[in-house]
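Working notes for the structure below.
For clarity, every value in this text was computed on a predicted model and none was experimentally measured.
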Amino acid sequence: WYWGDLDPDGLAIATDASAAAAAIGGPPVLPAAHLWHAMADRPVQNRGTIDWSASTGETWLGPDLWTRLADVRAANGRVAQEAVAPSVIGDWALHIR
């Protein structure tokens, strides 16, 4: 599982890790979907300063998450993972299988 900052660099880390795992025949690196979904409910940070034009995260996140997070991209902003409440992270960790 991977979850990081919702910005082009954070998604580049995810896609690079996924590609590296596949290249060595390792387990897939999957999005921690519940945590990415939670980011859509947080205020957009750094509005108007983030260039999403070259982001490659859509394929890795999948269409549902990509669509859910569209408002952040439309605002040319980001959401740091620290913006998600620890209780949300704890709930995810308790229920992940």
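Counting only heavy atoms from C-beta outward, the side chains of V84 and I89 approach each other to under 4.5 Å. Within the 4.5 Å cutoff, the side chain of V79 has no heavy atoms near those of the D5 side chain.
Among the candidates T49, L6, I50, the single residue satisfying the side chain to side chain contact (heavy atoms under 4.5 Å, CB included) test with R78 is I50.
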Task: Verdict with reasoning, L61 to L11, per side chain to side chain contact (heavy atoms under 4.5 Å, CB included) - done: CA-CA 9 Å; L61 281 173; L11 290 173; 3.8 Å; yes
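Checked by atom type and distance alone, the side chain of Q45 pairs as donor or acceptor with a backbone atom of A80 at under 3.5 Å. In terms of modelled atom types and a separation under 3.5 Å, the side chain of S18 and the main chain of A14 share no donor-acceptor contact. Side-chain atoms of S55 never come within 3.5 Å of backbone atoms of W52 as a donor-acceptor pair (strictly under, hydrogens ignored).
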Contacts table for residues 24-44: side-chain donor-acceptor under 3.5 angstrom, sequence neighbours left out:
unit_1: W36; atom_1: NE1; unit_2: Y2; atom_2: O; d: 3.1
unit_1: H37; atom_1: ND1; unit_2: R68; atom_2: NE; d: 3.3
unit_1: D41; atom_1: OD1; unit_2: R68; atom_2: NH2; d: 2.9
unit_1: D41; atom_1: OD2; unit_2: R68; atom_2: NH2; d: 3.2
unit_1: R42; atom_1: NE; unit_2: A83; atom_2: O; d: 2.8

